[in-house]
Amino acid sequence: MSRYEASEIEAKWQKAWEDAAIFQAETDHQKPKYYVLEMFPYPSGKLHMGHVRNYTMGDVIARYKLSTGHNVLHPMGFDAFGMPAENAAMASGGHPKDWTYSNIDTMVEQMKPLGLSLDWSRMFATCDPEYYGQQQSLFLDFLAKGLVYRKNAVVNWDPVDMTVLANEQVENGRGWRSGAVVERRELTQWFFKISDYSEDLLDALDGLENWPAKVRLMQENWIGKSRGLQFKFERTDGGAPVEVYTTRPDTLMGASFVGISPDHPIARQLEAESPEIASFVAECRKGGTTEEAIETAEKLGYDTGLRVKHPLDPNWELPVWIANFILMDYGTGAVFACPAHDQRDFEFASKYDLPIIPVLEPLDGAGELTEAYVPAKAEKVRYIKGFAGSEEQTGEEGVDAAVDKAEAEGWGEGVTKFRLRDWGLSRQRYWGCPIPVVHCDACGVVPEKKENLPIALPYDEDGTAIDFSVPGNPLDRHPSWRDCACPACGKPAQRETDTMDTFVDSSWYFARFTAPRAETPTDLEAASYWMNVDQYIGGVEHAILHLLYSRFFARAMHICGHLPESAKEPFDALFTQGMVTHAIYQSEGGNGRPVYHYPEEVDLRDGKAILKDTGQEVKIIPSAKMSKSKNNVVDPLHIISAFGADTARWFVLSDSPPERDVEWTASGAEAAFKHLARVYRLASEAATATGEGTGDEELRREMHKAIRDVTLGIESFGFNASIAKLYGFTNTLAKSKAGAATKKEAARVLAQLMSPMTPHLAEAMWEMLEGEGLVANAPWPQADEAMLVEASVTLPIQINGKRRAEITVAADLDKAEVEKLALAHEAVQRVLDGAAPKKVIVVPGRIVNVVA
RNA sequence: GCGGGCGUGAUGGAAUGGUAGACAUACCAGACUUAAAAUCUGUUGGGCCUUGUGCCCGUGUGGGUUCGAGUCCCACCGCCCGCACCA
């Protein structure tokens, strides 16, 4: 009997799979196709357990589908543009391109030992000119179809470094490098017209039955369809009226003031006229651009002195305030405030001593208003200052009545609005896909000619390396790249130096995988065959942006002829896996800042973490999200070299339900290894066993139950449940005294059931047990229904909902007989004490409850 | 602030509204061994006594619906994710 040598087994079978080329996907109309895709990684250069978990889940599905007769596409690539490469170049020199490609090599090297059933021949990185050139071609197609346009948008501006900052580069309202207070500044930028699809993207969510309900709900809220009233407040000074949009027109009689955004045209005008207002507005523009920053900032207001007339009472004048929490991007950039029924307005009115006028109250009467009264819209309330509909009605009815009345009287209009904004794709950065347009003094903005694509990023500055140590975009100051000839008139012109948001790169890679070397963005025939992605797997952090952008792109690509109509919703099923967490090892650096240590730099002894180099003890922060910046990223290579890939795969699947977070622990990995070694031993025992035994029938029954339960687990993404069942079945097999033939059969089935999770071990077992060919190609075992039927069943007996006894009865015994037997039970008799039960509930096959 | 989610033994977790704690980790005890490792077997939510197929309590907290609630509803507490230039 040989020992379980993971490294030997894994190298052997990886080579066998490669030689047989069984994971290379070719179009085959004889079989049903199955496209399984994990969200592709950013090439950080370090594979971590989160990746292993993600890809292992996809691999289980891919291998399972392969053995159920599907033609499987399971590709891998790299989301390779983005800021970390530029940051690395700034921090330690070098070039983003070199850094990225070297990381990709490293990561491929780290992924291959996992034994994933990937079609490596389709691999690409989004920073390959062959890929982003096709992306530029897509951009030009979108531009031609009116799906791209330019407008102004606000960015984070660092006034010291004179550069645009990403949100993550703004820390507590200050630039991460300069420490200067960030300002919001407007820039002309490129936008995708995703808002054209708001309604469609919302409606189509209903059809995504195999997406998690929470993701659909998040997208629904993000798109944020609302119906409200749009109307104008006339100004007492005769100036341009203030147009507002409100979702609660029923509270109009509670209006206290009119609020406008600091970026509202009226505010802009006043800013130019009054230094005091200019300084207030400048104050409002400090801080980052995130919605979070704006909404949590202290509420600031400034009374402009302008007055407007209430639309329902010309004698009622309301003040116009500039308020920092009103977004210019949403609605009209102006609102009327009803402090009695909006918490934010309430706080603002309290702070600036503005009136708070209740409009509605609960049906059972109102208490004193210490905060805004905001009942659910479906709740019936009493209107004490209503102006439309009944006195007692729901908020919804009130809104509808108010809109109807305003429309009938001609002073307002019912309007549907969406929260979803157009997608700004311009980035003032080097390491991204260049936007293929040219700015010409004579012709304006001119699209590049397709034959000039790809517009490739320059590697150096006429022979010398590009300098990344200066803030800002190197393309912007590049001596020669920027200058070009106008594609329209041929005169000297300048390239657009903005590059694309990296979300663009990831919004169509799934389509490119169907024909990764095509000379057009997609090959329609290949796309029609392979699309849609049957199962997409990734982190829930992508629930909104990436998935919504991809849904938009699929629609836009369809319009431009790059995807079939049927691929408008590109992901048939989505699974959002939980994160992998791990302790953070933290010490303090000389400057008082925290220093984070990699797990492999640390020895764990008696619950303490000791630095291997210095012997210094460091602080342990448990169960933190794995993050590059915190260095709490476990290196799977260490586990693979110690225990093998199968152990790593088994562990990441076993301990937590896939949708939840999992904490990586060293002891868990060791236990997984021990179990696999035990399975290997059992298989080799079974392979060499001889003779007859007892309990063959029972072992076979358990085998069929295992087939049923493991299969169900895989199909329902309950991999941890499948693994629990496999533990149980392994124990059964270990204890069984069955004859050699049955044991061998059971061990073979065990190998098959384990093959999606631990494919190398399964191949080794399959070979020992004389299975035919590769287990990866063997047809999935079928559970025999006849073997699953139980003759008798044990039912718990509850008395008043508490379990008191149990009876074992024939499985098909009818309800009346079960009730009779239950009532005759000694424990029931004791409690009833001769009295008749009030009620007896018999749930066949499950439980009996006697109500005494 | 807004949107979404999660909360069960020492630990990870299981449980179509139907026996709470499957399966595993850890710990403890035993077998094997000169010994250790490996392996195998067994115990383990808390409490009570009358030690029984016993009783009481127990799934973040407080209410509610139900014959029956970890599961459904309401409120609260805590943690996590997203918030449009991180990927």
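Below, chains carry the letters A, B, ... as their sequence lines are ordered, and counting in each starts from 1. All values derive from a computational prediction rather than experimental measurement.
Here the separation of B:U65 from B:A75, taken at their C1' atoms, is 15 Å to the nearest Å. Rounded to whole Å, the separation between the C1' atoms of B:C73 and B:A87 comes to 39 Å. Comparing B:A20 with B:C57, their P atoms sit 13 Å apart, to the nearest whole Å. Comparing the same atom, P, in B:U61 and in B:G7 gives a spacing of 13 Å after rounding to whole Å. The P atoms of B:C2 and B:A26 are separated by 44 Å, rounded to the nearest whole Å. Here the separation of B:U39 from B:U51, taken at their C1' atoms, is 35 Å to the nearest Å. The separation of B:G9 from B:C32, taken at their C1' atoms, amounts to 32 Å, rounded to a whole angstrom. Taking atom P on both B:A37 and B:C28, the two are 12 Å apart, rounded to the nearest angstrom.
Both A:Q343 and A:M83 sit near RNA chain B, but only A:Q343 has its closest nucleotide nearer the 5' end. The residue among A:I841 and A:Q798 whose nearest nucleotide of RNA chain B lies closer to the 5′ end is A:Q798.
Between A:N849 atom CG and B:U66 atom C1' there is a gap of 11 Å when expressed in whole angstrom units. The distance from atom OH of A:Y509 to atom C1' of B:A87 is 12 Å, rounded to the nearest whole Å.
A donor N or O paired with an acceptor N or O is found under 3.5 Å between the base of B:C85 and the side-chain atoms of A:Q189. A donor N or O paired with an acceptor N or O is not found under 3.5 Å between the base of B:C85 and the side-chain atoms of A:N167. Remark: the A:E291 side chain and the B:C83 base include no donor-acceptor N/O pair separated by less than 3.5 Å. Checked by distance alone, A:Q428 brings a side-chain donor or acceptor within 3.5 Å of a matching partner on the base of B:C85.
Distances from the side chain of A:K214 to the nucleotides B:G5, B:C85, B:A87 place B:G5 closest. Checking B:G1, B:A84, B:C67 against the side-chain heavy atoms of A:K839 singles out B:C67 as nearest. When each of B:G3, B:C85, B:U41 is scored by its nearest atom to the side-chain atoms of A:K735, the top-ranked nucleotide is B:U41. When distances run from any side-chain atom of A:E806 to the nucleotides B:U19, B:A87, B:G4, the shortest one goes to B:U19. Looking at the side chain of A:T502, the nearest of the listed nucleotides B:A87, B:G1, B:C85 is B:A87. Closest to the side chain of A:I847, from the set B:U19, B:C85, B:A87, is B:U19. Comparing B:C40, B:A84, B:U39 against the side chain of A:R678 picks out B:C40 as the nearest.
With its glycosidic angle more than 90° from 0, B:G64 adopts the anti conformation.
Nucleic acid contact class of A:W222 (heavy atoms, under 4.0 Å, all strands): base. Residue A:T290 is in sugar-phosphate contact alone, with no base atom involved, counting any heavy-atom pair closer than 4.0 Å across all strands shown. Residue-level contact check: A:G82 touches the backbone only, with heavy atoms under 4.0 Å from sugar-phosphate atoms and none from bases. Across all strands shown, A:L795 has no heavy atoms under 4.0 Å from either base or sugar-phosphate atoms. The residue A:V850 sits apart from the nucleic acid: no heavy atom pair falls under 4.0 Å. Residue A:S426 is classed as a base contact, given a heavy-atom separation below 4.0 Å to a base. Using a 4.0 Å heavy-atom criterion, one finds that A:K674 contacts the sugar-phosphate atoms exclusively. Counting non-hydrogen atoms under 4.0 angstrom, A:E298 reaches nothing in the nucleic acid. Among the heavy atoms of the strands, none lies under 4.0 Å from A:H675. Counting any heavy atom pair closer than 4.0 Å across all strands shown, A:F325 reaches no nucleic acid atom. Backbone-only engagement by A:A671 is indicated by non-hydrogen atom pairs under 4.0 Å involving sugar-phosphate atoms exclusively. Backbone-only engagement by A:V851 is indicated by non-hydrogen atom pairs under 4.0 Å involving sugar-phosphate atoms exclusively. Among the atoms of the strands shown, only primed sugar atoms or phosphate atoms (P, OP1, OP2) are found under 4.0 Å from some heavy atom of A:N221. At a threshold of 4.0 angstrom between heavy atoms, the contacts of A:R216 with the nucleic acid are absent.
Between A:F719 and A:F717, the ring centre distance stays below 6.0 Å. Between A:F191 and A:W423, a ring centre-to-centre spacing not shorter than 6.0 Å is recorded.
A:N156 has no side-chain polar atom (N or O) that falls below the 4.0 Å cut-off from OP1 or OP2 of B:C85. Taking only side-chain nitrogens and oxygens, A:R427 comes nearer than 4.0 Å to OP1 or OP2 of B:C85. Under 4.0 angstrom from either OP1 or OP2 of B:C23 there lies no side-chain N or O belonging to A:N731.
A:F418 meets the ring pair (Phe, Tyr, Trp, His ring centres under 6.0 Å) test with no other residue; sequence neighbours excluded. With sequence neighbours left out, the side-chain hydrogen bond (donor to acceptor under 3.5 Å, both in side chains) criterion links A:E715 to A:Y64. Listed by chain and residue number, A:T497 satisfy the side-chain hydrogen bond (donor to acceptor under 3.5 Å, both in side chains) test with A:D476 (two or more places apart in sequence, or in another chain).
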Discussion item. Evaluate A:Y131 against A:D505 for side-chain hydrogen bond (donor to acceptor under 3.5 Å, both in side chains), listing each step before the verdict.
Written reply: CA-CA 9 Å; A:Y131 182 81; A:D505 312 336; over 6 Å; no
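Contact check for A:I797 versus A:I847: no side-chain heavy atoms found under the 4.5 Å cut-off.
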Heteroatom pairs (N/O) under 3.5 angstrom, protein to nucleotides 14-17 of chain B:
residue	atom	partner	partner atom	Å
B:A14	OP2	A:R660	NH2	3.2

So which protein N/O to nucleotides 48-59 of chain B N/O distances come out below 3.5 Å?
residue	atom	partner	partner atom	Å
B:C55	OP1	A:R804	NE	3.4
B:C56	OP2	A:R804	NH2	3.1

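For the pair A:E702 and A:K705, the salt-bridge criterion is met [side-chain N within less than 4.0 Å of a carboxylate O].
For A:R429 (side chain) and A:G472 (main-chain N/O), no donor-acceptor pair under 3.5 Å exists by modelled atom type.
Side-chain contact annotation: A:T188 with A:N152, donor-acceptor N/O pair under 3.5 Å present. In this structure, a donor-acceptor pair under 3.5 Å is present between the side chains of A:S178 and A:D158. No side-chain donor from either of A:S654 and A:N720 sits under 3.5 Å from a side-chain acceptor of the other. No hydrogens or angles considered: nothing links the side chains of A:R427 and A:Q189 as a donor-acceptor pair under 3.5 Å.
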Worksheet entry | Secondary structure of RNA chain B in dot-bracket form (Watson-Crick or G-U wobble, distances below 3.5 Å, | marking inter-strand pairs) | (((((((..(((.....[....)))(.((((.......)))).)(((((..).))))..(((((..]....))))))))))))....
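For the pair A:R150 and A:W190, the cation-pi criterion (under 6.0 Å, within 45° of the ring axis) is fulfilled. Seen from the ring of A:W157, A:R184 does not count as a face-on cation partner, given the 6.0 Å and 45° thresholds.
In plain terms, the two heavy atoms of A:Y132 and A:C127 that are nearest each other are CE2-O, 3.3 Å.
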